[in-house]
Protein chains: 2
Amino acid sequence: MSGQEGTFPSPGDAGVTTSPGDLFDPLCPTRLLLDRVGSRWTTMAVLSLAAADGELRFAELKRVMAGISPKMLAQTLKALERDGLVARRVEATKPPRVHYRLTGLGMTLVEPLRGLREWAERYIPVVRDNARAFDGTL
Amino acid sequence: MSGQEGTFPSPGDAGVTTSPGDLFDPLCPTRLLLDRVGSRWTTMAVLSLAAADGELRFAELKRVMAGISPKMLAQTLKALERDGLVARRVEATKPPRVHYRLTGLGMTLVEPLRGLREWAERYIPVVRDNARAFDGTL
DNA sequence: CAGAATCCTGCGAGATACTG
DNA sequence: CAGTATCTCGCAGGATTCTG
């Protein structure tokens, strides 16, 4: 767990692929992203940490992300840490306290996510109406 | 296959909150969005249709979305049509031709998606490096 | 408190074959 | 060509229990 923290890219280096069909390719960036962010828990964890605007402990996250099992939380956090999106800080007290926060990299993900979320809040009601209408006329 | 509500032991708090924690709530817009767009195929379909900038036929989509089974394609398209994101046009020829295109609503989704995609193309390499480094120092 | 280990289950999703 | 119908299997993900 060395410094995957400050490991920022040269913003200049470009994408690998640009055609959408490559989503099928396991190496396609967008596919890789979806493999991670496609999960509810991952997204929720990032959004929760972003909302906290600082650190949250395991139990706090567990409370905020109502309904998540400790297993899934640990798993989700580990994946995020592995990817360098979340940083883990252990306080070596007798009952250990572990704090999680978004890394700089993790924070860059918040904006695109917010875009999705804004879309959802604006249009999902329409989508629900569509779906109901569609079902009604079946 | 109509309503899938009630699967959750909704906790006592009946909140109309907008905090990210609501992703747990089956009614949360963002959750609903993730349930749809979280899937690779759905995203790929929208992106493919957006890239085509017009209509695509079933077989064309099948070709573009390499590797998808007819079942998954039909399923994905039906869901998108149900949500009003994609429009279906049937040409009643002897071998029927069916065309799909994004609706106006569907097009509004492209931008947020593009945001995600740009993030992916810029940062996924970093993420991969982080993951490899993380695994290496395990 | 933070997590690891274990068991169990539903259904997401692929492959295949068939029909209008 | 544009789908539907079936079967199967993997594994995500929930509940539960245990430990440092």
Side-chain angles (χ1 to χ4, degrees), chain A residues 1 23-26 31-32 34-45 48-49 55-82 86-101 138, chain B residues 1-11 23-24 26 31 34-45 48-49 55-82 86-101 138:
Chain A
M1 54 182 78
L23 265 186
F24 171 67
D25 180 359
R31 188 211 151 126
L32 284 171
L34 284 174
D35 284 347
R36 293 148 205 274
V37 177
S39 128
R40 261 198 299 300
W41 295 133
T42 307
T43 309
M44 200 194 295
S48 298
L49 286 172
E55 292 185 329
L56 285 182
R57 297 176 49 193
F58 191 89
E60 289 175 327
L61 274 166
K62 193 169 176 324
R63 182 163 13 97
V64 170
M65 303 167 63
I68 195 175
S69 66
K71 173 191 165 186
M72 284 313 294
L73 182 53
Q75 188 173 308
T76 301
L77 288 171
K78 190 179 293 179
L80 286 171
E81 188 197 358
R82 196 182 102 107
V86 158
R88 196 184 117 132
R89 199 192 94 218
V90 183
E91 210 176 327
T93 54
K94 27 294 175 64
R97 298 167 157 232
V98 185
H99 305 259
Y100 295 91
R101 64 177 175 80
L138 266 187
Chain B
M1 43 165 67
S2 26
Q4 82 253 29
E5 15 237 297
T7 334
F8 280 89
S10 54
L23 267 185
F24 169 67
R31 187 209 152 132
L34 284 174
D35 284 347
R36 294 149 203 271
V37 176
S39 129
R40 262 200 301 298
W41 296 133
T42 306
T43 309
M44 199 194 295
S48 297
L49 286 172
E55 292 184 329
L56 286 182
R57 294 176 51 192
F58 191 89
E60 289 174 329
L61 275 166
K62 192 169 179 321
R63 183 166 9 100
V64 171
M65 303 167 62
I68 195 174
S69 66
K71 172 191 164 187
M72 284 312 295
L73 182 54
Q75 189 173 307
T76 301
L77 288 172
K78 192 179 292 180
L80 286 171
E81 188 197 357
R82 195 182 102 108
V86 158
R88 194 183 118 130
R89 198 193 96 218
V90 184
E91 209 176 329
T93 53
K94 24 307 174 62
R97 297 167 156 230
V98 185
H99 306 260
Y100 295 90
R101 63 174 175 83
L138 266 188

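Each chain gets a letter, A, B and so on, in the order its sequence line appears, and its residues count up from 1.
Rounded to whole Å, atom P of D:dG3 lies 8 Å from atom CG of B:L77. The distance between atom NZ of A:K94 and atom C1' of C:dC1, rounded to the nearest whole Å, is 13 Å. Atom pair A:Q75:CD and C:dA5:P shows a separation of 12 Å (rounding to whole Å applied). Atom pair A:L73:CG and C:dA2:P shows a separation of 10 Å (rounding to whole Å applied). Taking atom CZ on A:R40 and atom P on D:dG13, their separation rounds to 7 Å, with Å as the unit. Counting to the nearest Å, the C1' atom of D:dG13 and the CH2 atom of A:W41 are 9 Å from each other. Rounded to a whole Å, the CD atom of A:E60 is 13 Å from the C1' atom of C:dA2. If you take CD of B:E91 and P of D:dA2, they are 10 Å apart, rounded to a whole angstrom.
When each of B:R57, B:E91, B:R88, B:E60 is tested with B:H99 by the rule side-chain hydrogen bond (donor to acceptor under 3.5 Å, both in side chains), just one qualifies, namely B:E91.
Nearer the 5' end of DNA chain C, as judged by each residue's closest nucleotide, is the contact made by A:K71, out of B:M72 and A:K71. Looking at which nucleotide of DNA chain D each of A:P96 and A:S69 is closest to, the 5′-most match is held by A:S69. Residues A:P70 and A:P95 each lie close to DNA chain D; by heavy-atom proximity, the contact nearer the 5' end of the strand is made by A:P70.
Using a 4.5 Å heavy-atom cutoff, the side chains of B:M72 and B:Q75 are in contact. In this structure the side chain of B:D35 reaches within 4.5 angstrom of the side chain of A:R40, judged on heavy atoms.
Looking at the side chain of B:K78, the nearest of the listed nucleotides C:dA4, D:dA2, D:dT4 is D:dT4. Picking from D:dG3, C:dC1, C:dA4 the nucleotide with the shortest atom distance to the side chain of B:Y100 gives D:dG3.
The phosphate of C:dA2 (OP1 or OP2) has no side-chain N or O of A:R89 nearer than 4.0 angstrom. Dashed line: the shortest gap from a side-chain N or O of A:R97 to OP1 or OP2 of C:dA2 is not under 4.0 Å. Phosphate contact (OP1/OP2 of D:dA2, side-chain N/O of B:R57, threshold under 4.0 Å): present. OP1 and OP2 of C:dC1 both lie 4.0 Å or more from every side-chain N or O belonging to A:R63.
A pairwise comparison of heavy atoms in B:L49 and B:Y100 identifies CD2-O, 3.5 Å as the closest pair.
The main-chain N or O of A:V37 is found under 3.5 Å from a side-chain atom of A:T43 such that the two form a donor-acceptor pair.
Across all strands, B:K62 comes closer than 4.0 Å to no nucleic acid atom at all (heavy-atom distances).
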